[in-house]
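Every heavy atom of this structure was used, including side-chain atoms; hydrogens, water molecules and symmetry mates were not.
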Amino acid sequence: MSAVPTDLPSSTTSTDRIRDDAHALEVARALATEFAAGAAARDRERRLPVQEVERYSRSGLWGLTVPRAFGGPDVSHATLSEVTALIAQADPSLAQIPQNHHCLVDALRLIGSPEQQRFFYAEVLAGRRFGNAVSELGTPNAKTVTTRLSRTPRGLRLNGRKAYATGALFAHWVPVAAVDDGGRAVLVYVERDAPGLAVVDDWEGFGQRTTASGTVVAEDVEVTTLQVLPRHRLFEPPTIHGAFAQLLHSAIDLGIARAALAELRQWLRERTRPWADSGVDHAARDPLTLARVGELVIRLHAAEALQTRAAGFLDAARDRPGPEAVTAASIANAEAKVLTTQLSLDAASSLIELAGTQSTLERHNLDRHWRNARTHTVHDPLRWKFHAIGDHWLNGTAPRRHASL
């Protein structure tokens, strides 16, 4: 276990502003090309992308969902999804680090007071990053929170321990999920260098290795009311917050699938030998390989189409909120997540199978695509998405309201 590095950038230099959706995609494509160059080496060496995260946030892409009324571009969900997928294709760890940031910006939209919105949106547009400290270990289930925000004679104090804190190591603000004295769920936006807050780089997952999804410990951290948001209101009345989070997770999986398929195309064209029984002299002409590749390409296009469709449902539910629109967005995003999850795993596995024995050599590090897909896709159990989709289609049942659906 290692403490937070002392040389993390502070975003004190200027941050660019994204003008509109087209500009966001243009910037994301350029950054993706830049980030892809070192992705395999960063994974192999578990070299944290400190400078890359700084470059990413200074590009203005971390402020994509700030409302126009507060100076942001407020891009469509389809654009946010494609930006995330572009970065994920280059380096899925880099794409996952701001996933929680975007969700916590969305929380401000839904439950932040006007004062909180003015303050924190300005922070985002200035290049300040939000981390994540929501999950805990040793609880009855993944949704249970034991961290406490208590009112004391010295004011509000925060105490607790968090795990899987993706983005916290690189953050300026670490929103912490807690329970107040009344038993209500709250989100506490804590400055990362606040006395009593420790961020520990102890993430040891076999995939998404450079997300630094480690531990956050809060010990008697002083808090002001400006930093506390009523998390218990996040889904009441029904909101798109859960579907919004799922859209970003799906986009990361989609990017992983695209990366694996791009590697597969290169190997089949340039390196892989055909199977002796195929009767062809080039792997790209092997008929059984072509059939498998065709299947994967069709599934890629289907996943992309469902992802775009899900984003459209989110736009509709954001602009005209209501229980039916929110349910439609949740189900549409669950459907997209099913396809992107399955495709990312199958594409990464097929890469090794079809590229052949050479592809297993460590120097190529092609297994990182499967490791990243398998690690990222365990966030939300796919079996429960099938259940929610089937129950809604057959019985008209609305899905549960939380960040995983």
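Note on residues 263-273: pairs passing salt bridge (Lys or Arg N to Asp or Glu O under 4.0 Å), not counting sequence neighbours, are Glu263-Arg368. Among residue pairs with one or both ends in residues 89-111, those qualifying as ring pair (Phe, Tyr, Trp, His ring centres under 6.0 Å) are Trp62-His101, His101-Phe130; sequence neighbours excluded. Within the structure, every pair that satisfies the salt bridge (Lys or Arg N to Asp or Glu O under 4.0 Å) test and touches residues 213-225, not counting sequence neighbours, is listed here: Arg154-Asp220, Arg157-Asp220. Sequence neighbours left out, the pairs with a member in residues 95-106 that pass salt bridge (Lys or Arg N to Asp or Glu O under 4.0 Å) are Asp106-Arg109. Listed by first and then second residue, the ring pair (Phe, Tyr, Trp, His ring centres under 6.0 Å) pairs that reach into residues 317-367 are Trp267-His364, sequence neighbours excluded.
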Test log, rule side chain to side chain contact (heavy atoms under 4.5 Å, CB included), inputs Leu345 and Trp370: CA-CA 6 Å; Leu345 292 167; Trp370 184 88; 4.1 Å; yes
Verdict with reasoning, Thr211 to Gln96, per side-chain hydrogen bond (donor to acceptor under 3.5 Å, both in side chains): CA-CA 7 Å; Thr211 58; Gln96 188 181 342; 4.9 Å; no
Output, in order, the C-alpha distance, side-chain angles, deciding distance and verdict of side-chain hydrogen bond (donor to acceptor under 3.5 Å, both in side chains) for Asn100 and Thr166. CA-CA 7 Å; Asn100 286 289; Thr166 305; 4.5 Å; no
Show the numbers, then the answer: is there a side chain to side chain contact (heavy atoms under 4.5 Å, CB included) between Leu264 and Leu296? CA-CA 11 Å; Leu264 178 59; Leu296 290 168; 4.3 Å; yes
Stepwise side-chain hydrogen bond (donor to acceptor under 3.5 Å, both in side chains) test for Asp315 and Ser76: CA-CA 7 Å; Asp315 283 338; Ser76 71; 4.7 Å; no
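Remark: side-chain polar atoms of Asp253 are not paired, donor with acceptor, to backbone N or O of Leu339 under 3.5 angstrom. Side-chain N or O atoms of Lys385 include one that pairs as donor or acceptor with a backbone N or O of Ser404 at under 3.5 Å. Side-chain N or O atoms of Arg46 include one that pairs as donor or acceptor with a backbone N or O of Arg209 at under 3.5 Å. A side-chain donor-acceptor contact under 3.5 Å links Asp202 to the backbone of Thr215. Using a distance-only test at 3.5 Å, with no hydrogens or angles considered, a donor-acceptor pair links the side chain of Thr375 to the main chain of Gly207. Using a distance-only test at 3.5 Å, with no hydrogens or angles considered, no donor-acceptor pair links the side chain of Thr289 to the main chain of Arg285. Formation of a donor-acceptor pair under 3.5 Å by the Arg148 side chain with backbone atoms of Gly160 is not found in this model. At distances below 3.5 Å, at least one donor-acceptor pair connects side-chain atoms of Glu136 with backbone N or O atoms of Thr146. Between the Arg129 side chain and the Phe170 main chain, a donor and an acceptor come within less than 3.5 Å of each other. Thr272 places a side-chain N or O within 3.5 Å of a backbone atom of Ala355 that can act as its donor or acceptor partner.
The 12-atom threshold is exceeded at CZ of Arg299, counting heavy atoms of other residues, nucleotides or ligands nearer than 6.0 Å. Other residues, nucleotides and ligands place more than 12 heavy atoms under 6.0 Å from the CZ atom of Arg44. More than 12 heavy-atom neighbours from other residues, nucleotides or ligands sit within 6.0 angstrom of CZ on Arg47.
Residues forming a ring pair (Phe, Tyr, Trp, His ring centres under 6.0 Å) with Phe386 (at least two apart in sequence, or on another chain): none. Applying the ring pair (Phe, Tyr, Trp, His ring centres under 6.0 Å) test to His369 and every residue at least two apart in sequence or in another chain returns nothing. In this structure, the ring pair (Phe, Tyr, Trp, His ring centres under 6.0 Å) partners of His77, at least two apart in sequence or on a different chain, are Phe244. Every residue meeting the ring pair (Phe, Tyr, Trp, His ring centres under 6.0 Å) condition with Tyr121, not counting sequence neighbours, appears here in chain and number order: Phe70. Applying the side-chain contact (heavy atoms from CB on, under 4.5 Å) test to Ala133 and every residue at least two apart in sequence or in another chain returns Lys162, Val174, Val176, Val216.
In terms of heavy-atom proximity, Pro92 sits nearest to Ile256 at CB-CG1, 3.6 Å. The two residues Ser278 and Asp286 make their nearest non-hydrogen contact at CB-OD2, 3.7 Å. Nearest approach of Gly127 to Ser57, heavy atoms of both residues: O-OG, 4.1 Å. Closest non-hydrogen pair, Ala212 versus Leu169, comes out as CB-CD2, 3.5 Å.
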Please list every donor-acceptor pair under 3.5 Å in which a side-chain atom of residues 319-327 meets a protein atom from a residue at least two apart or in another chain.
unit_1 : atom_1 : unit_2 : atom_2 : d
Thr327 : OG1    : Pro323 : O      : 3.0
Thr327 : OG1    : Arg401 : NH2    : 2.9

All N/O donor-acceptor pairs, side-chain side in residues 226-236, below 3.5 Å, sequence neighbours left out:
unit_1 : atom_1 : unit_2 : atom_2 : d
Gln227 : OE1    : Thr224 : N      : 3.0
Gln227 : OE1    : Thr224 : OG1    : 3.0
Gln227 : NE2    : Tyr189 : O      : 2.8

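Results of the side-chain contact (heavy atoms from CB on, under 4.5 Å) test with Val83 over Leu64, Val75, Leu248 single out Leu64 as the only residue that passes.
Arg42 and Thr210 share no side-chain donor-acceptor pair at under 3.5 Å.
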